[in-house]
Amino acid sequence: MSQYQFILRRLLQGILVIWGVVTLVFLLRYMTPGNPVDFVAPLDAGQETRDQVAADLGLDQPVYVQYFDYLFGLIQGDMGYSFIRSQPASSIIFARLPATIELALAATIVAIIFSIPLGVISATRRHEPADYAATSFSLVGISTPNFWLGIMLILLVSVGLGILPTSRRPIGFVPAMEMFIFQLEIQGIRTWIAHMILPAVTLGTYFTAMIVRLTRSGMLDELGKSYVLATRAKGVPETLVRYKHVLRNTMIPIITVLGLQLGTLIGGAVITEFVFNWPGLGTLIINAIDVRDWPIIQGSLIVIGVGFVIINIAVDALYAKLNPKVSYE
Amino acid sequence: MPSIPDSRANTEGGCEMIQKPLLRVRDLETRFFTEEGQVNAVEKLTLDIHDGEVFGIVGESGSGKSVTARSVLGLLESPGRVTGGELWYRDETFADTVRADHPDAVDGDYVDLESLPSNVRRTLRGTHFSMIFQDPMSSLNPSIPVGEQIAEAVEAQRRARANPRSVASRTQGYGLSQYLMSTVMGSRKYVKSESLERAVELLELVGIPDAPLRAKEYPHEYSGGMLQRAMIAQALAGEPKVLIADEPTTALDVTIQAQILDLLTELQEETGMTILLITHNLGVVARMCDRVGVMYAGEIVERGTLADVFDDPVHPYTQGLLGSIPDLEGIGARLQPIPGNVPSLLDHEMGGRCYFADRCPKAMEECLEHPPEFDVDGSSHHATRCYLAETTYSEARALDADYFGSAEPLEDAADEPVEPARSDGGNTEEDSR
């Protein structure tokens, strides 16, 4: 099976998965307490007004009608209107999406840049001070809760030292780049980076710590295999043994974890986003839950689900490329 | 400048002794520093290996055979370390190359590998010393095509030849930055296309059909025998002078074993390389080797030509080993196992006695003191670490059967019905009672 057939097949499977997600998310509305009408209608509204509001929101229809309406709307890219703000849910969600993706990618990049070299050093200098430092860091990193780390960083770095801003970034990555390219103005990028550092570190610390551990144990595992001895025996430089042979094989399982973790970062940055008042999907979902704004909640969850599926397909394809024992099947 | 200890092989004649040995191992000691204590894996090992011969090291599992091989190659991993001894390797060109930087390590044509820093030592791998391993399936990287792995060995050798002085550089001209560059730019790759072509030739040389195609395949697409051929191709890529074969056929089917041994013999005749063959299989030794060393508890307990050791064994351990081979003539008879197990090799458990005394059917009072190496019958090429080379066994001086504790293997042996299974060595237990 060729690579393209493989990806096509995974895409079709992915669509099925997403359909499942949509259905679950839709049903969620009927399994959770709280009626959106309570939030939309005035507090002293009579039954008549409430019925009118329900009819406006389409909530008077039978469930299956609502379900198929929603499904067909979704196929056309329509996620319905926000109950609270009279805007299409999709435009609200997609306005928030870049901030979340930027944060997730920044955290991942921070994690990769620090974790893999640390893991390599830790494994190749086993039982030396560098190894102890790296393993201690990863232990602390894994056991530190995100929200606490975020608050502490704000207190220490932003409030205490007054170096980096705490919240509400004024500019996204794309506008910042546009500013740079068209006006040769670097200020936008600097602001973007300044606002990105603390959230990315907060979100990436656990991730970094986890990958340090994975890299270390994976590399130690690989270093003990007899092909390493055989490769050294044939006179290949140690650099090549370490990186081309050992690290590459270590990366095979790490790629999988990285991909899955990136998926959870997109959805799971909720707390970090909230702490830093980050204009992303996480804060959007929390605010929408507060007011039972179901089109926003549903839409956001579906977008996150789609992100998960796409990342998993990419990881599978990459995995098959790295590991010749796995064929595209 | 250290002097080379006098080698009996040089002073006394003998047809194969005229030449100076290629490798002189003197009192090599390898220790493992584990949590349970110090393990003496190789103990005062002394050996001469000559140009173009096949030298076999036989012994049970855990006797230190593989550690010896790795010590010679300088490939020990922590917590293992060579703690003493010298390893003189004769190569004029190499001696000239290192003389300036490491005058203490050079004596005439000989270089003491143990006194060279590890980065210089590394450059000998592939080009002078090479190794094949027991399990070909795990000895090749599963995620790199076989051809490319062989080409790496070719490339390592090509680069070493092109610039012999690069022995001094830590990265051998290939550091992390070069590697990172190569991941982006194909032209900076370590393996060049000429080396890949040479790898295909090597695969053809070791008898792999459709070599150009198979070079692109991954190890899991090969059969065990084919993979061992590929391993041999990889080991030969650097045209090494010494090939260390560590149990090369143990993981293979019997029919494939024979093919691999034939291939090794054939290649050895063609290239004239020296083979250090490590095995527990006496059949393989009998078939391949010119000279043999029998290893027990980290020591060579008996060494000599194949005929010396097989036809005229002196050490009871050698006799016991030979007694444990199944024999077609004695079908139905019970084999004679050597009672007991190989000692743990833990330093504090070894003591000063002969290490084999607790399993030896002929242990005597003398054996409580560690035996030196004796020449057998005044022969210069047959030596053993056993008092029996000089004295005859006498029951008057024999140690009690339970001298070494209650779980005395001699008791077990006595309980077994001793049948006249073997012509040689097999009846030693009876002698001892």
Side-chain angles (χ1 to χ4, degrees), chain A residues 112-113 116-128 130-131 215-216 218-256 318-329, chain B residues 70 73-75 77-78 118-119 122-145 149-150 152-157 159-160 169-180 182-183 190-191 217-221 231 234-235 237-238 240 244:
Chain A
I112 292 172
I113 288 175
I116 290 174
L118 266 179
V120 171
I121 290 168
S122 191
T124 51
R125 308 206 177 151
R126 196 181 178 188
H127 298 319
E128 288 177 31
D131 177 28
T215 311
R216 179 179 186 270
M219 247 187 116
L220 286 176
D221 232 34
E222 288 291 323
L223 280 169
K225 290 191 177 167
S226 55
Y227 77 83
V228 176
L229 195 68
T231 310
R232 285 188 180 139
K234 69 189 180 190
V236 167
E238 187 63 21
T239 315
L240 215 58
V241 175
R242 204 172 277 178
Y243 298 101
K244 179 174 172 184
H245 289 267
V246 174
L247 185 59
R248 209 183 115 158
N249 287 345
T250 309
M251 288 313 291
I252 294 172
I254 292 179
I255 292 274
T256 317
L318 200 60
Y319 192 81
K321 207 166 182 61
L322 279 173
N323 188 353
K325 277 191 192 171
V326 177
S327 53
Y328 293 111
E329 278 167 9
Chain B
R70 280 160 207 201
L73 224 63
L75 274 179
E77 275 166 14
S78 171
S118 63
N119 57 324
R122 184 187 302 151
T123 60
L124 287 172
R125 287 181 215 143
T127 51
H128 293 255
F129 294 88
S130 199
M131 187 160 173
I132 54 179
F133 295 85
Q134 179 169 351
D135 182 6
M137 278 294 174
S138 62
S139 300
L140 284 163
N141 187 337
S143 50
I144 294 179
Q149 298 195 50
I150 297 171
E152 280 181 351
V154 177
E155 191 70 34
Q157 173 246 7
R159 288 177 188 233
S169 104
R170 197 173 65 83
T171 59
Q172 289 165 270
Y174 203 82
L176 182 55
S177 53
Q178 273 98 332
Y179 176 67
L180 289 177
S182 77
T183 57
Y190 182 72
V191 173
E217 291 184 356
Y218 291 91
H220 70 272
E221 295 169 278
M231 276 296 293
Q234 175 171 282
I244 299 173

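No experiment lies behind these values; they were computed from the predicted model shown. Lettering follows sequence order; numbering is per chain, from 1.
From Leu140(B), atom CG reaches atom NE2 of His245(A) across 10.0 Å, with rounding to the nearest 0.5 Å. Taking OG1 of Thr231(A) as the reference point, atom CD of Gln234(B) lies at 6.5 Å (rounded to 0.5 Å). To the nearest 0.5 Å, atoms NZ (Lys234(A)) and CD (Glu155(B)) are separated by 11.5 Å. The structure places CD of Glu77(B) at 7.5 Å from CG of Leu223(A), a figure rounded to the nearest 0.5 Å. Taken from NZ in Lys244(A) to CD1 in Ile144(B), the straight-line distance is 5.0 Å, to the nearest 0.5 Å.
Contacts of Glu222(A) classified as side-chain contact (heavy atoms from CB on, under 4.5 Å), with partners at least two apart in sequence or in another chain: Lys225(A), Tyr227(A), Val246(A), Asn249(A), Thr250(A).
Of the possible polar contacts, one joining the Ser226(A) side chain to the Ser138(B) backbone as a donor-acceptor pair under 3.5 Å is found.
Contact of Gln149(B) with chain A is made through backbone and side chain together, with heavy-atom distances under 4.5 Å. Residue contact with chain A, scored on non-hydrogen atoms closer than 4.5 Å, involves the backbone and the side chain of Ser143(B) alike.
Looking only at heavy-atom pairs under 4.5 Å with chain A, the residue among Arg70(B), Glu152(B), Met131(B) that has the most is Glu152(B). Here Pro142(B) is the residue among Pro142(B), Pro219(B), Gly238(B) with the most heavy-atom pairs under 4.5 Å with chain A.
Between Ser139(B) and Ala230(A), the shortest heavy-atom contact is O-CB, 3.3 Å.
For the pair Arg248(A)/Asn141(B), no side-chain contact is recorded, criterion being any heavy-atom separation below 4.5 Å from C-beta on.
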